[in-house]
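Remember, it's 1-based here, ligands and their atoms both numbered in the order they're listed. The structure presented is a predicted model; accordingly, all values stated were derived computationally and were not measured. All residue numbers refer to positions in the sequence shown, counting from 1. Atom set for the values below is all heavy atoms of this structure, side chains included, hydrogens, waters and symmetry mates excluded.
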Amino acid sequence: MLTVNDLHAHYGKSHVLNGVRYQLKPGEIGTILGRNGSGRSTLCKSIIGLLPPTSGSVNLGGRELAGRAPHEVSRAGIGYVPEEREIFLNLSVDENMTIGRKKGIPGAPTWTPEELYDLFPRLRERRRVKAGSLSGGEQQMLTMFRTLLGNPLMILIDEPTEGLAPKIVGVVRDTVLEMKRRGIGVLLLEQKLSLALQIADHVAVMGHGEIVFEGSVEEFRANHEVRTRWLEVS
Ligand SMILES: Nc1ncnc2c1ncn2[C@@H]1O[C@H](COP(=O)(O)OP(=O)(O)O)[C@@H](O)[C@H]1O
Ligand SMILES: [Mg+2]
């Protein structure tokens, strides 16, 4: 289980995370909704060590990770798929996949490149092509597959479907559902409410660097006050 407790983070003097509490269990899809600038990406970066938190706790299965370097957090079992597609443009698809491979944590679900190509055969067809010549959607899937080849226990995915065609959004959805089926805990940050609400097991809403709502998809849908106050542009 991933437990974030009273997490604070700053960019210089600007206090961006203001005591975040959040929990994610293996085999569960959680989503955090929020307006632009509410702090969702910053939360991911603080959990994985790109922006070390100023205080608070990030605990994975009893192990304290707050303030650890990104490679240590990754080795402990937390995968991260950033908003900016993170691949080597001059290397082939296959080479990018190979670089992602890690031994992984005992007990974590493991993946092979061929299983991942089965989820998105288009990428298999292009396996010898340089990543730089892929479409945006293909690059997004390659970024996600590379992270999965690190065999994480938990994965944080920041706005994977931003700007993607509906067909590729379907591939993202199927891939996330396969992660859940294999027992990975998935934190999905999405702009498209429709995808998040279709597949999430629980919904949180972030406002001013705090979690201001937590509940089931049904509870979220029924809560007009939360939506108008924290999400819809008035
Ligand atoms: N690198 C940065 N330096 C300074 N401020 C930043 C930086 N990145 C984000 N911020 C600020 O932190 C706040 C939260 O941003 P972010 O976590 O990106 O929100 P979200 O992902 O929910 O849109 C915003 O006010 C944003 O302007
Ligand atoms: Mg963001």
Side-chain angles (χ1 to χ4, degrees), residues 2-24 29-58 65-70 73-74 78-87 136-137 139-141 143-144 146-147 152 154-164 168-169 172-173 175-176 185-200 202-215 217 220 223 226-234:
L2 174 66
T3 307
V4 172
N5 205 3
D6 202 19
L7 203 69
H8 291 258
H10 294 71
Y11 289 111
K13 288 209 170 99
S14 149
H15 195 165
V16 175
L17 296 186
N18 199 4
V20 176
R21 290 168 206 281
Y22 191 73
Q23 276 199 337
L24 188 66
I29 302 172
T31 189
I32 301 182
L33 309 174
R35 288 204 180 103
N36 267 337
S38 58
R40 293 160 304 150
S41 296
T42 303
L43 174 61
C44 289
K45 287 176 185 161
S46 290
I47 292 173
I48 65 119
L50 276 178
L51 177 72
T54 26
S55 64
S57 160
V58 174
L65 296 174
R68 298 289 183 84
V73 176
S74 153
I78 302 182
Y80 171 55
V81 184
E83 229 172 329
E84 319 77 49
R85 289 153 194 156
E86 236 174 42
I87 48 177
Q139 292 188 357
Q140 182 62 56
M141 290 314 301
T143 308
M144 206 177 292
R146 267 192 57 199
T147 305
M154 301 281 169
I155 191 166
L156 319 178
I157 314 178
D158 199 350
E159 300 203 9
T161 67
E162 181 71 7
L164 299 190
I168 307 256
V169 174
V172 172
R173 184 195 56 225
T175 304
V176 170
V186 183
L187 174 56
L188 180 66
L189 305 182
E190 261 295 325
Q191 281 300 13
K192 290 191 184 61
L193 289 199
S194 55
L195 175 62
L197 298 183
Q198 232 179 60
I199 63 177
H202 53 83
V203 179
V205 175
M206 201 156 177
H208 304 323
E210 286 178 79
I211 301 292
V212 293
F213 168 88
E214 264 188 296
V217 172
F220 170 74
N223 196 323
V226 160
R227 286 214 309 275
T228 45
R229 178 151 182 218
W230 299 106
L231 294 175
E232 278 149 22
V233 187
S234 45

**Over 12 foreign heavy atoms within 6.0 Å of NE2, His10** = yes

**Prompt:** Would you find more than 12 non-hydrogen atoms of other residues, nucleotides or ligands less than 6.0 Å from Glu86 atom CD?
**Reply:** no

**Item:** Minimal non-hydrogen separation, Pro53 against Ala9, with atom names
**Value:** CA-CB, 4.4 Å

**Nearby protein N/O/S atoms (those under 2.8 Å) for the Mg ion (ligand 2), with water ignored** = Ser41 OG

**Message:** Distance check, rounded to the nearest 0.5 Å: Arg40 atom CZ versus Ile32 atom CD1?
**Reply:** 9.0 Å

**Item:** Student check: side-chain heavy atoms of Glu190 and Thr161 closer than 4.5 Å
**Value:** yes

**Request:** Answer yes or no: is there a side-chain heavy-atom contact under 4.5 Å between Leu156 and Val81?
**Result:** no

For the side chain of [X] and the backbone of [Y], is there at least one donor-acceptor N/O pair under 3.5 Å apart?
{"X": "Thr54", "Y": "His8", "value": "yes"}
{"X": "His15", "Y": "Leu17", "value": "yes"}
{"X": "Thr31", "Y": "Ala196", "value": "no"}

**Request:** For ligand 1, would you mind listing the residues that have at least one heavy atom less than 4.0 Å away, ordered by chain and number?
**Result:** Tyr11, Val16, Arg35, Asn36, Gly37, Ser38, Gly39, Arg40, Ser41, Thr42

